[in-house]
S.K.: 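Structure provided below as structure tokens; questions to follow.
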Amino acid sequence: REVRISDGEVSFFDARNNSGWVVGDVDVSTALAGLNEPMRLEGSVRYADERVELEAEIGRPGAAMRGELTPVTLNIESELLKAEFQGQTISGSGEIAGAVRADGPSLRRLVAWMGTPIQGGVGFEAFAVAGRLQISDGAYSFSNAGFGLDSVRGRGDFILSEREGRPYLSGRLELFD
């Protein structure tokens with residue numbers, strides 16, 4: 001069965017944390033042949049005044065609904081971010097793990113768009129990262145990662161999280177000339 005949403009809106013509110021989000025201009029389509037068959041979603045949404053193109057595939061939607069591990073692929077493209085992910089998820093917990101590639105023209109603008117602006121200073125512009133990503137408990141863990149930020153290039157293992165309401169980066173990094 002095919003499902004289409006045209007010019008729709010999706011909202012989420014987490015009463016435990018008193019936080020949420022709204023996605024507008026939702027234009028997506030999907031088809032589901034069965035809960036044990038891959039489900040593909042394609043389309044676009046508008047989040048925080050930015051248009052985002054989406055392509056996603058969930059390997060076994062039934063497993064995802066039961067909170068079981070299932071394969072997932074995701075491609076996102078916007079003015080601020082181009083990202084590709086191929087891995088697996090336990091959708092009930094929000095945890096994901098897999099290979100990721102992402103880049104964009106301004107990390108400063110991207111994190112502001114995501115709701116955690118970097119205050120003051122300069123830099124944090126052009127960025128790229130590729131490696132293994134794990135998202136769990138509000139932290140983004142990158143391992144075996146290659147990265148570039150402004151004119152700095154390197155590799156390593158690092159964790160991006162939040163501490164006392166501010167972005168917090170920790171890990172082991174090797175920088176190149």
Side-chain angles (χ1 to χ4, degrees), residues 17 19 21 23 36 38-42 44-45 47-48 50 52-119 121-177:
N17 296 316
S19 65
W21 46 260
V23 175
N36 291 318
M39 181 181 80
R40 186 163 175 81
L41 177 123
E42 296 178 340
S44 64
V45 300
Y47 175 73
E50 289 288 337
V52 180
E53 299 289 331
L54 303 169
E55 289 181 8
E57 184 172 290
I58 299 172
R60 297 179 9 238
M65 290 170 30
R66 292 186 301 273
E68 298 171 4
L69 197 62
T70 189
V72 64
T73 60
L74 178 63
N75 294 307
I76 299 172
E77 191 164 343
S78 75
E79 220 177 272
L80 299 175
L81 176 69
K82 181 177 182 181
E84 302 169 1
F85 174 82
Q86 185 169 18
Q88 52 194 9
T89 184
I90 300 175
S91 65
S93 66
E95 295 179 29
I96 64 170
V100 68
R101 297 180 80 74
D103 62 78
S106 173
L107 184 60
R108 182 178 295 275
R109 285 180 46 215
L110 178 64
V111 297
W113 177 67
M114 294 172 67
T116 311
I118 298 170
Q119 301 296 322
V122 296
F124 295 97
E125 295 302 330
F127 69 94
V129 65
R132 178 139 180 91
L133 169 68
Q134 181 170 346
I135 299 175
S136 178
D137 299 323
Y140 298 78
S141 173
F142 290 93
S143 57
N144 195 29
F147 70 92
L149 178 60
D150 298 327
S151 61
V152 177
R153 302 285 176 261
R155 67 175 176 222
D157 305 302
F158 52 98
I159 298 172
L160 177 62
S161 60
E162 191 174 294
R163 186 174 282 178
E164 298 178 10
R166 295 182 179 177
Y168 183 77
L169 180 66
S170 63
R172 178 194 60 79
L173 302 176
E174 178 182 355
L175 302 178
F176 307 135
D177 288 337

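For clarity, every value in this text was computed on a predicted model and none was experimentally measured.
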S.K.: Quick one: closest heavy-atom pair of Gly98 and Arg132, and the distance?
M.R.: CA-NH1, 3.1 Å
S.K.: Enter the distance from Thr89:OG1 to Ile58:CD1 here, rounded to the nearest 0.5 Å.
M.R.: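 Rounded to the nearest 0.5 Å, the OG1-CD1 separation comes to 8.5 Å.
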S.K.: Filter on salt bridge (charged side-chain N to carboxylate O under 4.0 Å, His left out), then keep only pairs touching residues 71-86, sequence neighbours left out; what's left?
M.R.: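 Applying salt bridge (charged side-chain N to carboxylate O under 4.0 Å, His left out) to every pair that reaches into residues 71-86, excluding sequence neighbours, yields Glu79-Arg109.
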S.K.: Between Phe147 and Leu175, is any pair of side-chain heavy atoms under 4.5 Å apart?
M.R.: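 Phe147 reaches Leu175 side chain to side chain.
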S.K.: Take atom CG in Asn17; do more than 12 heavy atoms of anything else shown fall under 6.0 Å from it?
M.R.: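 Atom CG in Asn17 is packed in, count exceeds 12.
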S.K.: Measure the CZ-CD1 distance between Arg166 and Ile118 for me, rounded to the nearest 0.5 Å.
M.R.: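 Rounded to the nearest 0.5 Å, the CZ-CD1 separation comes to 12.0 Å.
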S.K.: Closest approach of Asp150 and Glu125, non-hydrogen atoms and distance?
M.R.: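 Closest approach of Asp150 to Glu125: OD1-N, 2.7 Å.
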S.K.: Ignoring hydrogens, what is the shortest heavy-atom contact between Asp157 and Ser143? Give both atom names and the distance.
M.R.: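 Closest approach of Asp157 to Ser143, heavy atoms only: OD1-CA, 3.1 Å.
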S.K.: What distance separates Leu133 CG from Phe85 CZ, expressed to the nearest 0.5 Å?
M.R.: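 Answer for the CG-CZ pair, Leu133 versus Phe85, is 6.0 Å.
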S.K.: Nearest 0.5 Å please: distance from the CG atom of Asp103 over to the CG atom of Leu80.
M.R.: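 These two atoms lie 11.5 Å from each other.
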S.K.: When you measure from the side chain of Arg40 to the backbone of Glu55, do you find a donor-acceptor pair of N or O atoms at a distance under 3.5 Å?
M.R.: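 No.
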S.K.: Quick one: are Ile76 and Leu54 in side-chain contact, heavy atoms under 4.5 Å?
M.R.: yes
S.K.: Would you compute the distance between atom CG of Leu173 and atom CZ of Phe142 and round it to the nearest 0.5 angstrom?
M.R.: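 Between Leu173 CG and Phe142 CZ, I get 12.0 Å after rounding to 0.5 Å.
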S.K.: If I compare all heavy atoms of Ala145 with all of Phe158, which pair ends up nearest, and what's the gap?
M.R.: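 That closest heavy-atom pairing would be CB-CE2, 3.8 Å.
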S.K.: Do you know the tightest heavy-atom contact between Leu110 and Phe127?
M.R.: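 That closest heavy-atom pairing would be CD2-CZ, 3.5 Å.
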S.K.: To the nearest 0.5 Å, how far apart are CD in Gln119 and CZ in Arg108?
M.R.: 8.5 Å
S.K.: Any donor and acceptor pair, going by atom type alone, linking the side chain of Thr70 with main-chain N or O of Arg60 inside 3.5 Å?
M.R.: yes
S.K.: Which atoms form the tightest heavy-atom contact between Gln86 and Thr73, and what is the distance?
M.R.: CG-CG2, 3.7 Å
S.K.: Tell me, yes or no, whether the heavy-atom count around Arg163 atom CZ, taken from other residues, nucleotides or ligands under 6.0 Å, exceeds 12.
M.R.: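 12 or below, so no.
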S.K.: How would you list all residue pairs meeting ring-ring contact (aromatic ring centres under 6.0 Å, His included) that involve residues 93-117, not counting sequence neighbours?
M.R.: Tyr47-Trp113
